[in-house]
Amino acid sequence: GAGVSQSPRYKVAKRGQDVALRCDPISGHVSLFWYQQALGQGPEFLTYFQNEAQLDKSGLPSDRFFAERPEGSVSTLKIQRTQQEDSAVYLCASSLRRESSYNEQFFGPGTRLTVL
Amino acid sequence: ILNVEQSPQSLHVQEGDSTNFTCSFPSSNFYALHWYRWETAKSPEALFVMTLNGDEKKKGRISATLNTKEGYSYLYIKGSQPEDSATYLCASPTGGGNKLTFGTGTQLKVEL
């Protein structure tokens, strides 16, 4: 069966450019997470969806970051007016159930964003 | 804020060596401890989700233990192989919610 997929795998953007990162979770998974991993750090939480509802966006670093999951499946993370500090690997993960503390999160391979 | 810490940061071992790394986390309000293996250019892969104090889980040559009272977990690899080379991440859910707080990882390289 297909796992979590992300596209593009690599993105180079000029400073000030807008980017959109896509995540296709495992079919039927209720929960979807976005994480950001800067160089030398562990992944850090950005936002969480339960179906189409964005229940937690406390990790989004600024109002330039926006995420959506309009039909409760595919999700898009959009970054407006990219800055160099946005350079990172962006990971998407999905989980079958609503309460995911005890349940495995399935990760995609990530999108490596480089802002020049 | 929940701090999850891992040590060592990196490790080089020879094929056939056994090795272990540590994950520490605040012991109050514990919910679960996740271990992931992340190979270069691939997706992070879940190894274990541990919830009970004293729990020990095993998957092939890899095993993990959990001490929730003192706030640490050990990951052991017996007879390391080159294909074990990866970054090993531990993570814990924050404040009972769904989001995971990760450590910075232990980067393991197994040399022939």
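Residue numbers begin at 1 in each chain, while the letters A, B, ... track the order of the sequences. A quick note: this is a predicted structure, and the numbers were derived from the prediction, not measured.
A 6.0 Å sphere centred on CD of A:Gln54 holds more than 12 heavy atoms belonging to other residues, nucleotides or ligands. Residue B:Arg61 qualifies as enclosed at atom CZ: its count of foreign heavy atoms under 6.0 Å is above 12. Within a 6.0 Å sphere centred on CG of A:Leu116, other residues, nucleotides and ligands contribute more than 12 heavy atoms. With a 6.0 Å radius and a threshold of 12 heavy atoms from other residues, nucleotides or ligands, B:Glu15 has its CD atom above the threshold. Counted within 6.0 Å of NZ on A:Lys57, heavy atoms from surrounding residues, nucleotides or ligands total 12 or fewer; the atom is thus considered open. Residue-environment remark: CD (A:Glu71) stays at or below the threshold of 12 foreign heavy atoms within 6.0 Å.
In this structure, CG on B:Leu100 lies 6.0 Å from CZ on A:Phe107, to the nearest 0.5 angstrom. The CD atom of A:Glu44 lies 11.5 Å from the NZ atom of B:Lys99; values are rounded to the nearest 0.5 Å.
Heavy atoms of A:Phe106 lying under 4.5 Å from chain B are absent altogether. Only the side chain of A:Gln37 comes within less than 4.5 Å of a heavy atom of chain B; its backbone N, CA, C and O stay farther away. Heavy-atom distances place the side chain of A:Arg9, and not its backbone, under 4.5 Å from chain B. Only the side chain of B:Tyr36 comes within less than 4.5 Å of a heavy atom of chain A; its backbone N, CA, C and O stay farther away. For A:Ser58, the part lying near chain B is the side chain, with the backbone staying farther off; criterion is any non-hydrogen pair under 4.5 Å.
Clustering ILVMFWY residues whenever any of their side-chain heavy atoms sit less than 4.5 angstrom apart, transitively, puts B:Val49 in a cluster other than the one holding B:Trp38.
Listed options B:Ala41, B:Ala46, B:Pro44 were ranked by heavy-atom pairs under 4.5 angstrom with chain A; first place goes to B:Pro44. Note: A:Pro43 leads A:Gly59, A:Pro43, A:Pro109 in heavy-atom pairs under 4.5 Å with chain B.
For the pair A:Leu91 and B:Phe102, the minimum side-chain heavy-atom distance is 4.5 Å or more.
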